[in-house]
Amino acid sequence: EPEVTQTPSHQVTQMGQEVILRCVPISNHLYFYWYRQILGQKVEFLVSFYNNEISEKSEIFDDQFSVERPDGSNFTLKIRSTKLEDSAMYFCASNLMRTYLNTEAFFGQGTRLTVV
Amino acid sequence: AQKVTQAQTEISVVEKEDVTLDCVYETRDTTYYLFWYKQPPSGELVFLIRRNSFDEQNEISGRYSWNFQKSTSSFNFTITASQVVDSAVYFCALSDSSGNTGKLIFGQGTTLQVKP
């Protein structure tokens, strides 16, 4: 069964450092997403990506964040200068279409980011 | 604006009891999709069900059942004869077409504790 793969599963970083979270979406999918879940809270949309550009971003997704799909397979989320409040679980998701007529939303297993 | 409300923050039951998790949503869309996800302590999001707005049939899958009622904008989830392994956080989610990107809007989640 196809799956979305995220690496690393857990990353610890010092405040102010840059981090890159990596995701390998399902190979024929066209729509890609990052979501964030602060511990004990709900899952929140960060950004969507289609046709090699950001299609929508939330208020959370400020200038410290960026996404790219550098090689046609990986989909990365970069946080330029991490803050303590960036500590969260980050989920990558991918879809073939932007509707869910015949499909679920495919989520990766998450990367737990801890900023110290 | 699209919104999902899970009013029950925590529920505690004893094994073999039935339990219903409530989900109420708000949307202006005529076509939308609703989801339930399970998040065990390990943190990943486990897909349980997708339901589109045109299909109001209730669904049963083993001990799980879902009651979708458009008239009350609710999509409730019932676990029959609960087991300790059902202990998790459960999220209800709604597809959001406002940005035309297919992102999901999640509720706050309900923590279910099933005691032996």
Side-chain angles (χ1 to χ4, degrees), chain A residues 1-6 8-10 25 29-51 53-61 67 88-114, chain B residues 1-10 21 23 25 27 29-55 59 61 66 68 75 88-111:
Chain A
E1 186 173 315
E3 60 179 16
V4 177
T5 306
Q6 289 185 242
S9 55
H10 190 189
H29 282 188
L30 302 175
Y31 294 84
F32 312 107
Y33 311 85
W34 284 100
Y35 292 81
R36 181 183 81 174
Q37 184 186 27
I38 294 171
L39 185 64
Q41 298 187 23
K42 68 177 178 181
V43 179
E44 300 175 289
F45 167 75
L46 283 179
V47 65
S48 61
F49 192 84
Y50 169 71
N51 201 25
E53 60 183 20
I54 291 173
S55 46
E56 187 180 2
K57 58 184 180 180
S58 71
E59 293 173 354
I60 304 167
F61 194 88
V67 289
M89 179 77 99
Y90 289 82
F91 291 102
C92 173
S94 72
N95 291 346
L96 178 60
M97 302 175 289
R98 60 174 184 264
T99 69
Y100 299 92
L101 185 59
N102 293 308
T103 183
E104 62 181 89
F106 291 86
F107 281 85
Q109 79 278 21
T111 293
R112 188 172 299 281
L113 176 66
T114 303
Chain B
Q2 324 277 63
K3 188 178 176 183
V4 176
T5 302
Q6 295 179 255
Q8 304 150 309
T9 307
E10 291 185 27
L21 310 182
C23 173
Y25 61 92
T27 181
D29 296 340
T30 53
T31 301
Y32 53 90
Y33 298 85
L34 293 159
F35 301 80
W36 275 95
Y37 285 88
K38 174 182 180 180
Q39 187 175 45
S42 48
E44 73 272 25
L45 291 171
V46 178
F47 168 76
L48 295 178
I49 190 170
R50 178 192 78 251
R51 178 49 51 108
N52 77 56
S53 52
F54 295 109
D55 183 2
E59 183 153 340
S61 175
W66 291 269
F68 176 35
F75 186 42
V89 182
Y90 290 86
F91 289 97
C92 180
L94 167 71
S95 62
D96 181 0
S97 68
S98 60
N100 210 24
T101 60
K103 69 177 186 287
L104 298 186
I105 304 296
F106 284 80
Q108 293 284 358
T110 297
T111 300

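Throughout, a chain's letter reflects where its sequence line sits, starting with A, and its residues are numbered from 1.
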[X] portion near chain B, given a 4.5 angstrom heavy-atom threshold:
X: A:Tyr50; value: neither
X: A:Gln6; value: neither
X: A:Phe49; value: neither

I need the minimum non-hydrogen distance between [X] and [Y], along with the two atoms involved.
X: B:Leu45; Y: A:Phe107; value: CD1-CD2, 3.8 Å
X: B:Leu104; Y: A:Tyr35; value: N-OH, 2.8 Å
X: B:Gly102; Y: A:Asn95; value: O-ND2, 4.3 Å
X: B:Phe91; Y: A:Gln37; value: CZ-NE2, 3.3 Å

Atom NZ of B:Lys38 with >12 non-hydrogen neighbours under 6.0 angstrom = yes
key: Heavy-atom proximity to chain A below 4.5 Å, by part of B:Tyr32   = neither
ask   = Side chain, backbone, both or neither: which part of B:Gln39 has a heavy atom under 4.5 Å from chain A?
value = side chain
ask   = How many angstroms lie between atom CD1 of B:Ile105 and atom NZ of A:Lys42, to the nearest 0.5 angstrom?
value = 7.5 Å
